[in-house]
Every structure is written in C-alpha cells, then in structure tokens.
Amino acid sequence: MDFLKLLNNNSIFQDIHSAAQELNVKTFVIGGFVRDYILGRPSKDIDVVCLGSGIELAELVALKLGKEGKVTVFKNFGTAMLQAGEWEVEFVGARKESYNRDSRKPVVEDGSLEDDQNRRDFTINAMAVSLNKDDYGQLVDPFGGVKDLKRKVIRTPLDPKVTFSDDPLRMMRAVRFAAQLNFDITPDTFDALIEQAGRLKIVSAERIADELNKIIMTNKPSYGFKLLYHARLLHQFFPEMVALQGVEEREGHTHKDNFYHTLEVLDNVAEVSDDLWLRWAAILHDIAKPPTKRFHKKAGWTFHGHEDKGARMVPGIFRRLKLPMDHKMKFVEKLVRLHLRPIALVKETVTDSALRRLLFDAGDDLDALMKLCRADITSKNDNKVQRYLRNFDKVERKIEEVEEKDHVRNFQPPVSGEEIMEAFNLKPSREVGVIKEEIKEAILEGKIRNNREEAWQYMLEVAGKMGLEAEKK
Ligand code: CTP
C-alpha cells in the first residue's frame, strides 16, 4: 500500500509534518482514516496522534494554514480539532489508558505510539502511518490490521475481554463494523462478546442507539441483527425484538418465526429505501405479535390487534432507546398501525370509501406504507410473491384513481371551523366539532364530493337536524 502518494498529493499532511518537525514531536495518522484508505473508501476525517501535546500541534498547524484561533480544543480530553478545507482533523497526544471498572471514563496518562495502538478497539482501527522525517509514509501495523482487512475479520488487538471491559461500547462497534464491512468477528472476540454482553448496561442509551442506527443503515441489516442476537447484546437493550424469536407448535399448528420474518422485511425495505425511519417501521411492524399471540382450536395461531398494540408500543420503545420523540416516531407509529390495511384492499370488491379512508389515514406517508407492505411479503413461494405484488399494484392504481377524483390525500376541511361558527353564530363548542366531523365522514363515505359547494349544503342539512339555524346575511 503506497501511502507516500496519499501524503504527497494532499498538502494537509505536509503541513502537519512540518509543524511536528518544528515541535520535535513524533506524529502519525491513525485509526479509521488509515483503515478506510486501505479499503478504498476515502474519508475526510483524519485522526492524528503525536507523542506530545495534540493541542499544541493543532495550534501550530492552524498557524501555518492562516487559521489561527480556529482550533476547537477539548481540554478535558486533551484533543483539538481543526477544519482545513475539506478535511476535518482531530489531534490527540498518544495515551495509555486504564479504565475505571464502573464507568466508561478513562484515566489517561501520556504514552508511546505502541501504548496508544494497544488501547484501540480493533486491529483494523489500530494502524498508523508515520508523518515523521525518517520514515515518512510508512505503515505501523503491530497487530496485523492489513492482514485482517484481507481476511475480512474484526478482532481486538489485546485480549478481547480486556478491550471490551475497558469500553463496553466497543461490543456494539464490533457488530457495527462487521455489518458495515461485511466482515466476520473472530471466534475468540465473539466469545468475549457473549461473555461481556451484560456490561453494555453502563453504556448510555444514546451511544447504543447511535451504533444500532448505523447497523440498521447497512445494506443488509439482518446480518448485524443476527450478530447482536447471537452475542446476546440485543437482549440487553431490545427484549421486545428478542421475544419475536421462536416457533411454537400446538396440535399440529405452527406459526412463522417472527424474528427472522422481521429481518427479512427489514432487508427488503433496505433494498428499496435509505430512510432510517422506514427501516425502523419494518423492525417494529410485528413487535406486538408475542403479546397478542393466541391459540384457537380451529383457527390455530392468531395475532389479533397486533398492529394497534404494536403502534401503542412504539413511543415507549423510542423513549427507552433515546430515539427522537418527534414526527419521526409518529411516522413509525402510523406505519405500524396501518401495515395491514393495504392487504385488506386487495379484494375485487373493495369500495372507494375504503380506499379513501386509507388515503386519508396515510396521507403523505402512503408511498412509504406501500413499500413496507410489499417488503412484508416474505413467502418462499415465488409465484405467490409475484401474485401478491401484482395485487398491490392494482390497489395502488385504484388509490390513484380515487385520489384524482376526491383529493383526500392531504385532506383539508372544505368548510372551516370558523366558517361553521360564523354561519350559525356559534362559540367554539362541541357542535362545531360534530359538524366538521360529519362533513369529513360524508366525504370519506362518498355521500358528497370533496368540494366547497357540496360540503356547504351538507353542513346546512346536518346543522338543521341538530336544530341550528343559519344566520341571515
Ligand atoms: N476508538 C476506540 N474505541 C472506541 C472508539 C474509537 O478504540 N470506543 C478508536 C479507533 O481506533 C477508531 C478511532 O478511535 O478508529 C476513531 O473513532 P471513530 O471516529 O469513532 O471511528 P472510526 O474508526 O473513524 O470509524 P467511523 O468514522 O466509521 O465511526
């Protein structure tokens, strides 16, 4: 691997080199940047480690670049950051760290390059490239990181028990890197994951969610989830998903394994969308199957109401996992609630009002919902899959026709509350709500069309039945 070319083609490295020379500190590019360069995934985040003060080095580099005063210093961590054109460079002094057993906060001492490499998470993240005069551009790879990149394995530089207990977040990172790079985790490193999984409890929910979301955003997220499951990491923070696993048999009736089904749906969604929240909807669409599961002598296994109960479980899961509680959560909740609705519309005899109701309930999220429903078809029988997909095409065409006619996708009441109040000289009251609701229902049911004239007429009728008289103008 030719690092000289990289260093010579990008002046930022020469600037760091000459500042390091001036300060007489040994300096290296280290970590993810080196890994990604070897993998041919160019990255703009450079981590620089020096055997001295990272902050002083950052300040001198900034001075050379005419960016004096532009260094962001994190005194507590002894690190400094500098934005230089397209590059974001982080400087740190080489460290030897030991960790306090009960927290992730390390006790930091100055150390050698070797100490610094020892304390890193994985062999592929512990490689350094020299920026020093005598061996400029040379790779320092004490743990065989290059070999592990070739073998496609995730492995810790030290005994994995030590590396993970120093910082349990690394257990999530092991799975995340395996998932992103499509690597294996070596058996001894994997055994340590299983053994130490319980230590994840000292890691904050935010950091776990961060890694989890990166796993969810990989091309084939099922792989990362299977690793989390087998390492028993998933059990630490997502018991509802673990509960999906398993097949029960009674009197010859079985049901599908909802964990593996969910993962298939997630992979299917990942093939057609990069939307993290649509992927979350796939993860959670059947989450209430375990708590709604019942056995009936004739019908076998049922999961009645799992879509409603599942939707009700979404806020609690999001809150605990420290996922956003805003419109993104509402979107996931809505998709879980609606995920069976399009299937019910596949019948030949489906009415326009059923189509209008789905349009009204799904609104702008209808396309996302249809993607989820298509992904939810996981039959092994390809003919069946094709037939279901064609049925969904039909449903979508019908929905389009209805939308063209009635425009209920972004339903705006054709007569507003204020207008109703004015028409009947009413104060804000229950009656106003009732009239508005009746108009909406009449439109969805197809009794009247979605326009102002018909809505106004209908309003007069409804109000008349309620004994209200219109104001004379
Ligand atoms: N590191 C570590 N243990 C951690 C976090 C980070 O040893 N818990 C080290 C690794 O050497 C890693 C480097 O710090 O390469 C930088 O960390 P980070 O920026 O989080 O990850 P990257 O490896 O750069 O990868 P990505 O940008 O994909 O997160």
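Keep in mind the model is a prediction, meaning the values are calculated, not measured. Order of appearance sets the numbers: ligands from 1, and atoms from 1 within every ligand.
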Under 4.0 Å from a heavy atom of Asp47: give me the atoms of ligand 1 that qualify, with their elements.
16 (C)
For Gly32, atoms of ligand 1 separated by under 4.0 Å from a heavy atom:
15 (O), 23 (O), 24 (O)
Is ligand 1 under 4.0 Å from a heavy atom in the side chain of [X], in the backbone, in both, or in neither?
X: Arg120; answer: both
X: Ile30; answer: neither
X: Arg176; answer: side chain

Determine, stepwise, if the pair His235 / His230 fulfils ring pair (Phe, Tyr, Trp, His ring centres under 6.0 Å).
CA-CA 9 Å; His235 302 57; His230 290 295; 9.2 Å; no
Nearest heavy-atom pair of Ala282 and Val269: which atoms, and what distance?
CB-CG2, 4.0 Å
Has ligand 1 got any nitrogen or oxygen that is less than 3.5 angstrom from a nitrogen or oxygen of [X]?
X: Gly31; answer: no
X: Asp121; answer: yes
X: Asp167; answer: yes

Below 3.5 Å, can you tabulate the donor-acceptor pairs from side chains in residues 24-31 to any protein atom, sequence neighbours excluded?
unit_1, atom_1, unit_2, atom_2, d
Thr27, OG1, Val25, O, 3.2

Lys/Arg N to Asp/Glu carboxylate O, Lys44 vs Glu86, below 4.0 Å
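Result for this pair is yes, salt bridge flagged.
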Parallel, tilted or perpendicular, judged at 30° and 60°: which one describes the rings of Phe259 and Tyr229?
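Answer is tilted, since the angle falls between 30° and 60°.
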Applied to residues 124-171, the ring-ring contact (aromatic ring centres under 6.0 Å, His included) test, sequence neighbours excluded, yields His17-Tyr136
